[in-house]
Enquirer: 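I'd like to ask some things about the structure below.
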Amino acid sequence: MSAAAAIATPNSTYPIHTISLFVNNKPGVLVRVSLVFSRRAFNIESLVVSPAAEGRFSRMTITCSGDPDTLEQVVKQLTKLVDVVHAIDHTGDQAFETEIALVKLVCALDERTHILQVSEHYKARVVDFGAESLILQVHGSSEKLDAFIELLRPIGIAELVRSGKLVMARGKRIT
Amino acid sequence: VEQKQPTGGEKLIQCLEREGVEYIFGLSGGAAMPLFDALLDSKIKLILVRHEQGATHMADGYARSTGKPGVVLVTSGPGATNTVTGLFTALMDSAPIVVICGQTISRMLGKDAFQEADVTGITYPVVKHSYLIKDGNDIPRVMREAFHVATTGRPGPVLVDLPKDIGQAPCEAPFTDKLDLPGYSVPSRGDPERIETAARFLNDAKRPVLYVGHGAVIAEAGKAVTTLAEKLRAPVVTTLLGKGAVDETHPLHLGMMGMHGTAYANKAVAGCDLIMSIGGRWDDRITGRLEDFCTNAVKIHIDIDPAEFGKIIRPDVAICGDARLVVEDLIPQIEMGDTAEWLKQCEHWRRQYPLKYPKQGGLRAQHVLDRLDALTRGDAIFTTDVGQHQMWAAQFLRARSNRHWISSGGAGTMGFGWPSAIGAQFGNPGKKVWTVVGDGGFQMTLCELATAQIHKLPVKCLIINNNYLGMIRQWQEMFYENRVSGADLEGNPDFVKLAQAYGVKGLRIRRPGDADRILKEAHEYTEGPCVVVAEVVKEDNVFPMIPAGASVAEMLVEKPRHKLAKPTGST
């Protein structure tokens with residue numbers, strides 16, 4: 001499911017699509033939504049669910065890759081679900097996108113200068129400064145996060161948690 | 001006088017009364033007891049079935065034959081899981097049924113209580129929508145929504161799971177007509193601009209074909225489609241489930257298209273310059289190999305479900321809306337078509353490739369069905385099971401009116417025929433109802449002989465008995481060097497004696513010459529159900545046939561002499 005792992009999947013020959021859903025905030029909605037993907041053997045790369053401005057609705061932001069024709073069908077099938085108010089594929093429509101990541105590094109003192117230099121360049125913050133480990137928090141586009149993580153990989157990443165992509169349409173367009 | 005506060009179960013049954021429900025097809029159990037108890041004080045009639053799958057197909061047959069929703073009531077756990085096949089069948093064929101399941105008490109949900117199953121979880125992929133009621137005050141709204149969702153737009157099955165404690169507790173909530181469905185809307189009229197574009201294409205077409213699917217049946221669009229066909233002078237073909245929307249004896253009707261459709265319908269589809277689907281979904285049984293399907297024809301697609309556009313075929317014009325309303329809006333824009341040459345060609349095909357079968361060599365299903373068509377002349381509701389008999393029935397029983405032909409198309413559910421006929425008979429007490437089944441499928445739901453007998457339903461069951469899973473045997477003969485595997489139903493009972501054991505009248509046809517007399521006797525018998533067993537030749541094949549995944553050009557009108565490659569299309 002992780003976005004980092006997605007880079008290695010065969011699906012990645014297709015571009016990553018970002019789909020936003022506005023749904024009823026009810027039990028079972030997430031299952032109904034994920035079944036639309038799994039029935040077509042689509043792997044969800046990332047998924048964010050949160051309450052919408054009005055509490056009876058939820059927001060889902062889903063990224064996945066797959067051939068465009070099938071994805072178009074997936075969006076139609078999502079829209080068809082009774083609990084889905086709307087489903088929009090934001091791929092290529094210049095919506096604002098962001099993601100947050102937490103990276104834990106178990107590192108010796110002599111490695112820290114290099115780590116902090118990289119962090120400064122990516123505007124990452126040290127949110128936990130331990131004797132044997134650091135936790136870095138970075139946000140921005142998923143591509144920026146990918147690049148940051150790749151730079152840290154040689155040092156040895158102990159743990160990585162990413163929020164998944166968040167998206168919001170610009171101007172008066174709805175998300 | 002102070003009125004007694006109803007329980008949740010009583011409230012739910014009262015909601016069903018409010019929806020105009022006449023019959024509930026059901027089987028009781030521990031978790032459903034509050035609901036069955038409430039039924040005793042209701043005017044709704046309970047039809048006690050012998051297996052829950054039968055209940056779902058009865059509700060389905062009731063729904064498809066009347067246009068009204070069919071209702072099922074079962075208990076938790078295995079009672080509910082036995083409805084899965086029926087839900088799937090109803091979903092694939094867009095039939096409006098509401099399945100109500102008893103559930104264990106709320107606090108035991110997810111704790112492996114006796115007969116507890118995650119029924120909403122198990123059924124997600126086979127329902128249009130479903131509810132697990134967690135608060136008794138939701139009952140009136142949930143029931144109103146369940147019937148609204150099941151019956152509107154593209155109809156489908158809705159499941160309601162009711163924990164026993166909620167069924168037993170007092171329910172204070174009043175009846176309501178308010179729906180809380182912000183994600184659900186029902187299309188009605190089509191977009192005028194698209195209809196205008198479609199009309200332009202239709203008026204320009206030299207060789208148009210109207211392809212009529214189940215959506216036309218559901219929308220009662222048949223009359224409008226007939227008017228359109230006559231004005232445009234265009235031939236009509238139907239899918240398996242579209243039969244009956246337009247009278248099949250109409251001169252412009254070429255019968256069923258697709259894998260086992262008439263050769264002339266398939267020739268027309270292959271040769272057309274425009275094909276318009278009216279409530280059809282370009283199923284693989286219809287199109288065969290997509291790369292070769294109507295490659296140069298304009299494609300117009302009318303459907304109430306926008307997810308169907310582009311799913312299989314990318315149409316030149318897609319019109320989302322109710323099939324009847326869209327066709328009615330099209331008609332005034334249609335000019336009298338100049339299609340004389342095309343109709344002449346279609347008639348030529350009709351004469352050149354008629355449906356035929358050998359008249360010698362024993363009793364044949366086709367002969368029995370041909371005679372049944374002659375006897376009933378469309379004045380009967382037909383349901384079928386799945387297999388060879390289904391295709392022969394589709395070829396030889398010409399449906400003359402809407403909702404008079406009912407078959408499991410998308411799901412291909414064996415065991416559907418007999419209970420669906422029982423449901424249709426309950427919904428249409430004044431009509432003759434026949435089911436045509438095979439010996440294989442009939443044995444999957446034959447326990448419902450008891451259900452029909454106890455109500456003295458005059459429903460007729462024609463068993464085409466070849467002691468084989470015949471369609472499987474046909475494929476094995478044609479594509480697997482006749483290596484028959486798992487298709488021989490040796491050990492079949494004597495179906496006449498079986499019927500008699502249930503107190504049901506049983507008749508047998510052995511010779512072609514007996515068919516008229518026996519069928520007539522069954523048709524006129526009104527004191528209860530009647531089973532007619534036609535002991536047909538064991539090894540017969542359905543033709544025409546387009547092998548799965550092949551193109552219309554590869555259609556076989558008779559048994560091929562050469563060895564055939566294994567089909568590449570879906571099943």
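Below, all heavy atoms of this structure are taken into account, side chains as well, without hydrogens, waters or symmetry copies. Numbers restart at 1 for each chain; the letters A, B, ... are given by sequence-line order, proteins then strands.
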Enquirer: Between A:V31, A:V82, A:V84, which shows the greatest number of heavy-atom pairs under 4.5 Å with chain B?
Expert: A:V82
Enquirer: Heavy-atom pairs under 4.5 Å with chain B are the metric here; pick the option from A:H86, A:K26, A:R39, A:E72 that has the most.
Expert: A:E72
Enquirer: Should the heavy atoms of other residues, nucleotides or ligands under 6.0 Å from NZ of B:K311 be counted, would the total exceed 12?
Expert: yes
Enquirer: Please flag which part of B:S130 lies under 4.5 Å from any non-hydrogen atom of chain A: side chain, backbone, both or neither.
Expert: both
Enquirer: Please check if the number of heavy atoms outside B:R107 that lie under 6.0 Å from its CZ is greater than 12.
Expert: no
Enquirer: Should the heavy atoms of other residues, nucleotides or ligands under 6.0 Å from CE of B:M108 be counted, would the total exceed 12?
Expert: yes
Enquirer: Ignoring hydrogens and angles, tell me if any N or O in the side chain of A:K80 forms a donor-acceptor pair with the backbone of B:K128 under 3.5 Å.
Expert: no
Enquirer: At a 4.5 Å cut-off on heavy atoms, which part of A:F57 comes close to chain B: side chain, backbone, both, or neither?
Expert: side chain
Enquirer: Would you call A:D83 and B:H129 a side-chain contact if the rule is heavy atoms closer than 4.5 Å?
Expert: yes
Enquirer: Do B:L132 and A:P27 have side-chain heavy atoms sitting under 4.5 Å apart?
Expert: no
Enquirer: What's the separation between atom CG in B:D180 and atom CG in A:N24, rounded to the nearest 0.5 Å?
Expert: 6.5 Å
Enquirer: May I ask you to decide whether A:K76 forms a salt bridge with B:D305, counting only side-chain N to carboxylate O separations under 4.0 Å?
Expert: no
Enquirer: For each of B:G121, B:P182, B:P125, tally heavy-atom pairs with chain A at distances under 4.5 Å, and name the one with the top tally.
Expert: B:P182
Enquirer: Does atom CZ of A:R173 have more than 12 heavy-atom neighbours, drawn from other residues, nucleotides or ligands, at distances under 6.0 Å?
Expert: no
Enquirer: Would you give the length of the straight line joining atom OH of B:Y184 to atom CG of A:L81, rounded to the nearest 0.5 angstrom?
Expert: 12.5 Å
